[in-house]
Protein chains: 2
Amino acid sequence: MRSSRDACLPLLAEVFREHGYDGASLSVMSAATGLTNGSLYHFFPGGKDEMLGAVLESIGTWFESSVFVPLRSVPAGDRAAAEQALQEMARSVSDYFRSGKRVCLGGVISLSFHNDRFATAVSQYFTSWIDALAHTLTAYGSADPTGQARMIVATVQGAIVLARAFDDPEVFDSALALAIPGAVK
Amino acid sequence: MRSSRDACLPLLAEVFREHGYDGASLSVMSAATGLTNGSLYHFFPGGKDEMLGAVLESIGTWFESSVFVPLRSVPAGDRAAAEQALQEMARSVSDYFRSGKRVCLGGVISLSFHNDRFATAVSQYFTSWIDALAHTLTAYGSADPTGQARMIVATVQGAIVLARAFDDPEVFDSALALAIPGAVK
DNA sequence: GTCTATAGAGTGATAGAC
DNA sequence: GTCTATCACTCTATAGAC
């Protein structure tokens, strides 16, 4: 049984998002999860590295089923289905990142000093997103699906930065609307 | 005389960029600047907060003269001058951020827990950039200069994330080329 | 203006009781 | 599986010699 371990992953994820790797101290994690230092090390003997690794994996799993699978499920050449999938992605992404109030952990880690240690998890996360999105954009009729997919994912990351800098969720949502073809303006 | 204080600002900036606020310990700063703990506190009695504040100010000054002023200097309606200024910005920005290898401190801080404490400096940095860029885009003939300026600045931030995630500078430069009108492809 | 020494709190991690 | 207690270390910040 690993229900307690699994249950604390979203809480640990939030701590890593809010505080980054270095700011995510065990005392903060303890407070966030209600587990003590000892219990956390029971679940994650590898310490903070293993905690962040498990968190990244659980985030990847969520995106896989909630965002990537729908994008990949668009039938080839079905422009209407593609447009619908793009709108759906815009909505899930805006919800997940709370219109830019919530940070993307993959983005935070890629900007951080500890980038290298989690490089495979982070690059796989972005690669899966871009590939799935490129599939949908191909069905949509994009001339450069991969390039456009990269631009959209980059825009999401940059829009989080700006929305937080200006403390204005509207900045996030309007950037998304501009970047994603077929998204509701 | 404050030459020693000023001289260490770029070194401290690099430390904050590489390690973030929490990872930027005084021992790392000491090693990077060649100054001891005591000397750093002599220059910045307010501690890390004052150090980061001074660093953000010095970065803002550099961008002001090197990036924002050229953008604002484009004469109204001069499309050729605007295109040239956009190309120049693309080049300076790619150089400054080393094709995405080097992180944007404003972006890092805006994603971090300590966002609020440096909110004015960071939002002013992005506001100045967007406003100066919107001026150039107006001269270029953009239908939505401010919206496009926001998209370009967001793309720069997102492109840094992706270039680092993929450890591929080409991702940064090609995103810039796609986002900036008139930039060299 | 630069240094050493030090204080006091917090850090990640481990050991072992229950 | 959850806890307390503890270790060795690092952290920010201060005091004071030179």
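Below, chain A is the first sequence line, B the second, and so on; all start at residue 1.
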Visitor: What is the distance, rounded to the nearest whole Å, between atom NE2 of His42(B) and atom C1' of dT2(C)?
Guide: 8 Å

Visitor: Which atom pair, heavy atoms only, marks the closest approach of Thr155(B) to Ala175(B)?
Guide: CG2-O, 3.9 Å

Visitor: How about CD on Gln84(A), more than 12 heavy atoms from neighbouring residues, nucleotides or ligands closer than 6.0 Å, or not?
Guide: no

Visitor: Could you tell me how far apart Phe43(A) (CZ) and dT2(D) (C1') are, to the nearest whole angstrom?
Guide: 8 Å

Visitor: Quick check on contacts: within residues 46-53 of chain A, what sits under 4.0 Å from DNA chain C by heavy-atom distance?
Guide: Gly47(A), Lys48(A)

Visitor: Under the ring-ring contact (aromatic ring centres under 6.0 Å, His included) rule, what pairs show up with a residue in residues 153-174 of chain A, not counting sequence neighbours?
Guide: none

Visitor: Among residues 26-41 of chain B, which contact DNA chain D at a heavy-atom distance under 4.0 Å?
Guide: Leu26(B), Ser27(B), Asn37(B), Tyr41(B)

Visitor: Roughly, in whole Å, what's the span from CZ in Phe16(A) to C1' in dG12(C)?
Guide: 12 Å

Visitor: dG1(C) phosphate, OP1 or OP2: any side-chain N/O from Ser4(B) under 4.0 angstrom?
Guide: no

Visitor: Could you work out which one of dC11(D), dT2(C), dG12(C) sits closest to the side chain of Ser25(B)?
Guide: dC11(D)

Visitor: Indicate the ring-plane relationship of Phe126(A) and Trp129(A), choosing parallel, tilted or perpendicular according to the 30° and 60° boundaries.
Guide: parallel

Visitor: Among side-chain atoms of Asp173(B) and Ser94(B), is any donor-acceptor pair under 3.5 angstrom?
Guide: yes

Visitor: When the side chains of residues 29-36 of chain B are checked against the rest of the protein, which donor-acceptor pairs come out under 3.5 Å, sequence neighbours left out?
Guide:
residue: Ser30(B); atom: OG; partner: Leu35(B); partner atom: O; Å: 2.5
residue: Thr33(B); atom: OG1; partner: Met29(B); partner atom: O; Å: 2.8
residue: Thr33(B); atom: OG1; partner: Leu35(B); partner atom: N; Å: 3.1

Visitor: Extract all donor-acceptor atom pairs below 3.5 Å that involve side chains of residues 132-142 of chain A and protein atoms in other chains or at least two apart in sequence.
Guide:
residue: His135(A); atom: NE2; partner: Arg72(A); partner atom: O; Å: 3.2
residue: His135(A); atom: NE2; partner: Val74(A); partner atom: O; Å: 2.7
residue: Thr136(A); atom: OG1; partner: Leu71(A); partner atom: O; Å: 2.6
residue: Thr138(A); atom: OG1; partner: Ala134(A); partner atom: O; Å: 2.7
residue: Ser142(A); atom: OG; partner: Asp144(A); partner atom: N; Å: 3.2
residue: Ser142(A); atom: OG; partner: Gln148(A); partner atom: OE1; Å: 2.7

Visitor: Between side-chain atoms of residues 116-124 of chain A and protein atoms elsewhere (two or more places apart, or another chain), which donor-acceptor pairs fall under 3.5 Å?
Guide:
residue: Arg117(A); atom: NH1; partner: Tyr21(A); partner atom: OH; Å: 3.4
residue: Arg117(A); atom: NH1; partner: Asp49(A); partner atom: OD1; Å: 2.5
residue: Arg117(A); atom: NH1; partner: Asp49(A); partner atom: OD2; Å: 3.0
residue: Arg117(A); atom: NH2; partner: His114(A); partner atom: ND1; Å: 2.4
residue: Ser123(A); atom: OG; partner: Ala119(A); partner atom: O; Å: 3.4

